[in-house]
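Counting begins at 1 with the first residue of the sequence. Bear in mind the structure is a predicted one, so any value in this text is a computation, not a measurement. Counting convention: from 1, in listed order, for ligands and their atoms alike.
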Amino acid sequence: MLTTAMARVSPMSELPDGVERRQFDGTERLATRGEPVYGEPTDGDWRAWNPTRSKLGAMLELGMEIGLGGGETVLYLGAASGTTVSHVADFAGPTYAVEFAARPARDLLEAAESRPRLFPLLKDARKPETYAHIVESDVDVIVQDVATRGQARVALENAQFLDDDGRLLLAVKARSEDVTRDPGEVFDDVRAELEAGYEILESRRLEDYHTDHLGIVARPK
Ligand SMILES: C[S@@+](CC[C@H](N)C(=O)[O-])C[C@H]1O[C@@H](n2cnc3c(N)ncnc32)[C@H](O)[C@@H]1O
């Protein structure tokens with residue numbers, strides 16, 4: 001837990017320490033400092049953070065108040081091959097990255113090689129009891145981007161790890177819940193289910209960067 005970092009929760013346009021807007025080939029882009037992971041442009045130590053490849057990057061670009069100041073303990077659910085979680089581990093504190101598919105997890109291990117604060121866990125986010133002995137309690141932030149049915153349930157089941165003053169940063173993919181339903185209706189249902197354990201502070205469609213996705217910032221009740 002890092003209460004000082006949470007205390008300096010940023011106003012809308014502020015970025016976490018360790019995230020900057022920098023020029024890459026004449027275009028200003030979000031960037032963190034670390035080894036490149038997915039072929040992104042670099043400038044010295046800095047690597048561009050592509051919001052079209054990252055829902056958290058999109059939430060930052062859209063000015064959502066994600067409550068990350070830099071240095072927090074993070075539990076990241078649905079890490080895939082490490083595109084986003086590698087950026088997170090560039091500026092956060094201990095970052096536990098849960099991914100249940102073996103293929104992307106191999107790339108995730110590679111991304112972790114140069115990141116001593118990134119801890120990949122080949123686990124199922126629907127079974128938090130299988131990693132409860134590894135992940136420290138009172139994490140500052142849960143980032144969730146799991147392409148699975150029952151995304152609200154996953155967030156509720158993992159709330160046990162979150163500090164009382166922590167934040168859930170959730171990307172909801174409508175099509176993972178039901179490909180046939182109107183995304184707006186799916187998002188309403190997910191928000192309603194989430195309210196069993198979280199107070200929703202902000203939610204916003206990520207349409208500019210990710211079709212049929214909703215970004216949610218919430219805190220535990
Ligand atoms: C959209 S991708 C994540 C992309 C990643 N967050 C990024 O931005 O770099 C969704 C990932 O969730 C993983 N996933 C789906 N269900 C899961 C579960 N129950 N536990 C862990 N990972 C899961 C999938 O294997 C997939 O890699």
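- Checked for salt-bridge contact, Arg167 and Asp163 miss the test: no charged N lies under 4.0 Å from a carboxylate O.
- Using bins of under 30°, 30° to 60° and over 60° for the plane-to-plane angle, the ring pair His87/Trp49 lands in the parallel bin.
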Fill in: Verdict with reasoning, Asp25 to Thr27, per side chain to side chain donor-acceptor pair (under 3.5 Å)
CA-CA 6 Å; Asp25 298 324; Thr27 307; over 6 Å; no
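- Residue-ligand proximity: Lys173 is placed with every non-hydrogen atom at 4.0 Å or more from ligand 1.
- Under a 4.0 Å criterion applied to the non-hydrogen atoms of Ala80, ligand 1 contributes the atoms 3 (C), 4 (C), 5 (C), 27 (O).
- Closest to atom 4 (C) of ligand 1 among all protein heavy atoms lies Asp145 OD2, 3.4 Å.
- Nearest residue to atom 19 (N) of ligand 1 from Leu56, Val154, Asp124 is Asp124 (criterion: closest heavy atom).
- Heavy-atom contacts of Ala147 reach the following atoms of ligand 1: 10 (C), 12 (O), 15 (C) (cutoff under 4.0 Å).
- A donor-acceptor contact shorter than 3.5 Å is absent between the side chain of Glu199 and the backbone of Lys221.
- Comment: Glu65 does not engage Arg204 in a salt bridge, judged by the lack of any side-chain N to carboxylate O separation of less than 4.0 angstrom.
- In this structure, the side chain of Arg153 does not engage the main chain of Glu193 through any donor-acceptor pair within 3.5 Å.
- Remark: ligand 1 and Thr84 share an N or O pair separated by less than 3.5 Å (distance only, no angle test).
- Scanning all protein heavy atoms for the shortest distance to atom 22 (N) of ligand 1 gives Phe100 N, 3.4 Å.
- Annotation: Gly78 places an N or O atom under 3.5 Å from an N or O atom of ligand 1; distance criterion only.
- Aromatic rings from Phe119 and Tyr131 are positioned such that their centres are separated by 6.0 Å or more.
- Shown here is Arg181, whose CZ atom has more than 12 heavy atoms of other residues, nucleotides or ligands within 6.0 Å.
- Considering backbone and side-chain atoms alike, Glu99 places an N or O below 3.5 Å from some N or O of ligand 1.
- In terms of polar-atom proximity, defined here as any N/O pair under 3.5 Å, Gly82 makes no such contact with ligand 1.
- Proximity of Lys123 to ligand 1, defined as any heavy-atom pair under 4.0 Å, is confined to the backbone N, CA, C and O atoms.
- In summary, the atoms of ligand 1 found under 4.0 Å from a heavy atom of Ala101, numbered by their order in the structure, are 25 (O).
- Taking atom 1 (C) of ligand 1 as the reference point, the nearest protein heavy-atom neighbour is Lys55 NZ, 3.4 Å.
- For the side chain to side chain donor-acceptor pair (under 3.5 Å) with Asp90, the lone residue among Arg33, Arg117, Arg47 that qualifies is Arg47.
- If you number the atoms of ligand 1 from 1 as listed, the ones under 4.0 Å from a heavy atom of Val146 come out as 12 (O), 23 (C).
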